[in-house]
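Model, not experiment: these values are computed from the prediction. Quick note on labels: first sequence line is chain A, next is B, and so on, each numbered from 1.
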Amino acid sequence: MEKTYDPKHIEQDLYTHWENQGYFSPQDNNKASYCIMIPPPNVTGTLHMGHAFQDTIMDALIRYHRMKGNNTLWQPGMDHAGIATQMVVERQLNAEGKNRHDLGRDKFIQRVWDWKETSGGQITQQLRRLGASPDWSRERFTMDDGLSESVKDVFIQLYDEGLIYRGKRLVNWDPVLHTALSDIEVIAEEEEGFMHHVMYPFVEGEGFMEIATTRPETILADGALAVSPNDPRYSAFIGKYVWVPMTERKIPIVEDDYVDPEFGTGCVKITPAHDFNDWEVGQRHKMEIINLFTPSAIMNNNAPEAYRGMDRFVARKKILEDLDAAGLLVKIEPHKLKPPRGDRSGEIIEPYLTDQWYVKVAPLAEPAIDAVKTGRIKFVPDNYKNMYFSWMNDIQDWCISRQLWWGHRIPAWYDDVNNEIYVGKTEADVREKHTLGNDIILRQDEDVLDTWFSSALWPFSTLGWPEKTEALKTWYPTNVLVTGFDIIFFWVARMIMFGLKFMDGEVPFKEVYMHGLVRDGDGQKMSKSKGNVIDPLDVIDGITLDDLLVKRSSNMMQPHLAKKIKKATQRQFPNGIPAYGTDALRFTFASQASNGRDIRFDLQRIEGNRNFCNKLWNAARYVLMQTEGKDVGLNKNEKIRSLADDWILSKLQKTTQAVSKHFANYRFDLAAKALYEFTWHEYCDWYLELSKPILFSDQTRDAEKRGTRHTLVQVFETLLRLLHPIMPFITEEIWQTLKPLSGQTGDTIMLTPYPETETTLINTEANQQLEWVKTFIIGIRKIRAEMDIKPSKALPILLQNWTETDKQHFEHHQIFINALAKIERADWLTEESNAPEAATALVGEMKVLIPLAGLIDKATETARLTKAIEKIQKGLSSLAGRLNNPNFTDKAPTKVVEQVRQQAEQQKVALAQLEEQLTKIKAM
RNA sequence: AGGCUCGUAGCUCAGUUGGUUAGAGCACCACCUUGACAUGGUGGGGGUCGGUGAUUCGAAUUCACUCGAGCCUACCA
């Protein structure tokens, strides 16, 4: 093995080997199954920190259960990302001076498929770099044949049951992408804008009604003015008419509860075709509905001639000028508003009147709510269910049609002559089903379905539904969904609804683990436009500052931010990012994954965990050096275990127990912590050091050496298996080297059983004794450090106030103490004998004395003792305070009182010892 | 407006059903190239747990109020 750990040299080859060997496929159909569906990443997507975090968690769970012996499937795949993918290919066409209409639908779709084959799905390659172990042989794509069939089946069934319908109503319309969007694809964030106050003249008599609006251009399509029914200012005007400014139209003044008399002027213009609320009001009052816009949000022929052909924002300017000129513009005030923007295009969305397909969700939502209420689906952390309920209880119908070409085309045909809609798998099916002769011309709906419609089927469509496949039987319902809370409505809720509907009331997953967001070092959300994203591969492979700057400033959506981004990057990564390797990154993610909290990306934490890898690596080197070519006790030769052996075996069991518990609770942070603590502070800091005197000394017997070598290897090999789900590469690499010494015979650590706790090895006695040894050693080390005594200097020690047990412990374990505390010799003082001037350490009630002669400064020891005494006194006074309080002794459980009493006793003795020593030293 | 989360050492975070003197990693200080590891070893300094109040023998932990940060949902004419 190399002297230092270098992830670059090991990771990629191991991964290729694993994949080629088919280790990622389910192993044994007779075992209990375990299944996770990957949230299908977007086919246009590339790996970001959020994926890396999420995939680390899923892979850890998968590897853990695979090693536990479950018949484990991690189902990979991607979704076709309708809008995003179409945009990518359209951009390419634009660059060639063409658009999709030049190609026509079929050729365009072919072009998208070509793009998908050559450039799509980069992310699956990147996933491999993370060590992810899904069954690639089962990879699915939402647009592949099988999944497309499922989509049709679902659509047809829902239509037949009346749960899918076609309707003309307002939708969120993206005037740039020319498609409808569902509510959750629209983002409303606060922006600076204006409130315009406009007067509408009365048709009869003098005077005006004043309204306030943020969208003056829609005045042209007003259907009424509305006031609150109980507003005394306006009650006299209800039923009267006003002129719509800049038009020849008269509209009534109506009363409606929708109006808040406190807001603005208390009088609202109602524009049914261009506002969702106004639409409702319009329906109630049967108003004229005027649509002003073309699909590109350009004024159409319904607008007065002066405005026709103008973009909506140009028209706004123009109408404001005209209103002003007509003396109808009262004032314009700055106003904060939240314009709805499309999450893909970033354009302001228009409420727009079109024909669309909808899913009637209320009937589907009911059982979906119930599944969570009754605990058949559990959210982790639990509180996310509130979010789920609040949305599900007030769910809106889902607009599923999209005016795109890339996607699942809606399986509906129109007979324009008879104005009929037929839904079926193919045109032929439809004709047969409805006995339509060839003389009837059918036209298929031009639109495609929302990508999330197919994603909602993911947990069962990937397993072969609607066929009743073996895979479905084996892995549905899946065990856990690992995802971010941001798609709880987009995806999680819809999978639950469709799963219950189409899988005979069976939930798609039993648990939903919600992880937090990965933020940058300043706690900012990472986003491409902010230029603060980090490519996980750059953390794995490293990147120079210059390259990082180039990467972050190319392809920017807002070039004016370039300077700011450059500065922030230079501040956060003055030296770029060193190559930390996948295992360090994964371990860091795991150690941050607590209770769904957001995590901050912190290079120093990754560095610490890279060092942890190095520690593990070097421990392996030590183990190898001590065992390679030697008798490691795999034969029948006698083995004697030392105290250290018993102790580390016991600690190992505790660690195994803890890790299992934490995996079960999705507390990867605690699992990682337990493993770190054991590896570094128990195995390396103590056990390896304690093994040295046994292995290096000529005083110890072969059987003892053999016992220690055996423990050394066995514990380490077990540790590797414990760590493997989190750090797959380094553990496999070392494991392969260690395999012959450990007696393991498997081909790979990833298919070797996960360690189980062996309760018989939990050894309280050994633990207590080793604690005694540690206290002894630490006591002497402290004196050395504080007295500036070189570690190389062997010390004579004196023992005072000891018990027979102390003496026995010392005699049995002297070999450890000698080696780790470097003792020259030890003298056991009787009660009568006088000790010389010495520095003191306590082991229980026993005093360990190091004579000062020539080594130690009296003043330093005095100060040291004083400090120790003060510390104990402080603790003691708090303990005594409680014991002297009758309320405490009467009311607290006796167990606690007893504990405190004992504690106080011990402290008193220790205090007495130290005080005695202090008096002595002072007197000398 | 309603709901949720968070506020613990300089930084990033743990803290299980309230119970010893509140922990870890990183950073910091001192010493040490000791035969796995300087990506290391040994020892050390550092916080009273956002604030106020309440419950309790006992509160970082429960409750109320409050300040600050963030998120979600709804409304914003």
Side-chain angles (χ1 to χ4, degrees), chain A residues 1 3-5 188 195 211-215 226 258-260 263-271 275 277-278 335-338 381 383-384 386-387 390-391 394 485-486 488-489 516-517 519 521 523 525 578 584 591-592 594-605 607-626 661 665 667 669-670 673 676-677 681 684-685 688-689 692 696 778 781-786 788-792 822 871-872 874-879 882 885-893 895-897 899-900 902-904 907:
Chain A
M1 284 175 77
K3 192 173 168 184
T4 37
Y5 161 67
M195 183 68 84
I211 59 97
T213 179
T214 55
R215 300 203 58 191
Y258 161 68
V259 182
D260 173 4
F263 193 92
T265 62
C267 174
V268 189
K269 72 191 225 32
I270 301 296
T271 321
D275 182 282
N277 289 308
D278 290 8
H335 178 73
K336 283 192 185 19
L337 68 161
K338 291 184 190 170
N383 47 288
Y384 279 108
N386 297 329
M387 203 165 144
S390 70
W391 191 70
D394 187 31
F485 65 90
D486 46 332
I488 189 166
F489 309 136
L517 231 58
R519 299 172 173 278
K525 205 163 157 174
S591 67
Q592 303 244 81
S594 103
N595 263 336
R597 257 180 86 141
D598 284 358
I599 63 177
R600 282 195 197 205
F601 177 75
D602 181 2
L603 270 195
Q604 291 189 311
R605 243 179 125 148
E607 185 182 336
N609 290 325
R610 192 272 321 266
N611 294 351
F612 177 61
C613 292
N614 186 57
K615 190 75 182 172
L616 191 70
W617 185 264
N618 279 291
R621 289 180 60 231
Y622 172 79
V623 174
L624 271 175
M625 273 178 208
Q626 300 313 323
K661 185 178 112 193
N665 294 331
R667 287 303 301 268
D669 60 327
L670 298 180
K673 199 176 173 184
Y676 186 98
E677 170 72 17
H681 299 306
C684 291
D685 284 352
L688 290 190
E689 296 307 322
K692 287 175 185 176
F696 296 165
I778 289 169
R781 278 179 181 170
K782 280 187 183 174
I783 293 173
R784 275 185 192 278
E786 283 169 59
D788 246 341
I789 304 170
K790 293 227 181 282
S792 51
K822 201 115 196 197
K871 202 174 166 190
I872 294 187
K874 202 178 136 203
L876 198 56
S877 70
S878 129
L879 292 171
R882 283 197 281 166
N885 181 354
N887 279 329
F888 174 68
T889 46
D890 294 350
K891 293 184 184 170
K895 204 177 125 194
V896 174
V897 177
Q899 215 177 6
V900 173
Q902 268 178 27
Q903 193 71 35
Q907 300 280 36

For [X], give me all partners under side-chain hydrogen bond (donor to acceptor under 3.5 Å, both in side chains), at least two apart in sequence or on another chain.
X        : answer
A:Arg600 : none
A:Asp685 : A:His681
A:Asp278 : none

Atom pairs, protein N/O to nucleotides 12-17 of chain B N/O, distance under 3.5 Å:
| unit_1 | atom_1 | unit_2 | atom_2 | d |
| --- | --- | --- | --- | --- |
| B:U12 | OP1 | A:Arg600 | NH1 | 3.0 |
| B:U12 | O2' | A:Arg605 | NH1 | 3.4 |
| B:A14 | OP1 | A:Ser594 | OG | 2.4 |
| B:A14 | OP1 | A:Arg597 | NE | 3.4 |
| B:A14 | OP2 | A:Arg597 | NH1 | 2.6 |
| B:A14 | O3' | A:Arg667 | NH2 | 3.2 |
| B:G15 | OP1 | A:Arg667 | NH1 | 2.9 |
| B:G15 | OP1 | A:Arg667 | NH2 | 3.1 |

Polar atoms only, N or O, under 3.5 Å: list the protein pairs with nucleotides 29-36 of chain B and their distances.
| unit_1 | atom_1 | unit_2 | atom_2 | d |
| --- | --- | --- | --- | --- |
| B:A36 | OP1 | A:Lys692 | NZ | 3.0 |
| B:A36 | O2' | A:Asn618 | OD1 | 2.9 |
| B:A36 | O2' | A:Arg621 | NH1 | 2.7 |
| B:A36 | N7 | A:Lys692 | NZ | 3.4 |
| B:A36 | N6 | A:Cys684 | O | 3.3 |
| B:A36 | N6 | A:Glu689 | OE2 | 3.1 |
| B:A36 | N3 | A:Asn618 | O | 3.3 |
| B:A36 | N3 | A:Ala619 | N | 3.3 |

Q: In sequence, state the C-alpha distance, the side-chain angles, and the governing distance for A:Arg882 and A:Asn885, and then conclude on side chain to side chain donor-acceptor pair (under 3.5 Å).
A: CA-CA 5 Å; A:Arg882 283 197 281 166; A:Asn885 181 354; over 6 Å; no
Q) CZ of A:Phe489 versus C1' of B:C72: gap in Å, rounded? A)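 Distance check: A:Phe489 CZ to B:C72 C1' gives 7 Å.
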Q | A:Phe601 backbone acceptor or donor facing A:Arg519 side chain under 3.5 Å | A |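 Checking the backbone N and O of A:Phe601 against the side chain of A:Arg519, no donor-acceptor pair under 3.5 Å is found.
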Filtered N/O pairs between nucleotides 43-45 of chain B and protein, under 3.5 Å:
none

(Q) Measuring to OP1 and OP2 of B:G25, would you say a side-chain N or O of A:His681 lies under 4.0 angstrom away? (A)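 Checking A:His681 against B:G25: at least one side-chain N or O falls below 4.0 Å of OP1 or OP2.
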**Q.** Under 4.0 angstrom between A:Asn611 side-chain N/O and B:G40 OP1 or OP2
**A.**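 Result: yes.
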(Q) What's A:Gln903 touching, base or sugar-phosphate or nothing? Going by heavy atoms closer than 4.0 Å. (A)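 The answer is base, as A:Gln903 lies within the cut-off (heavy atoms under 4.0 Å) of a base atom.
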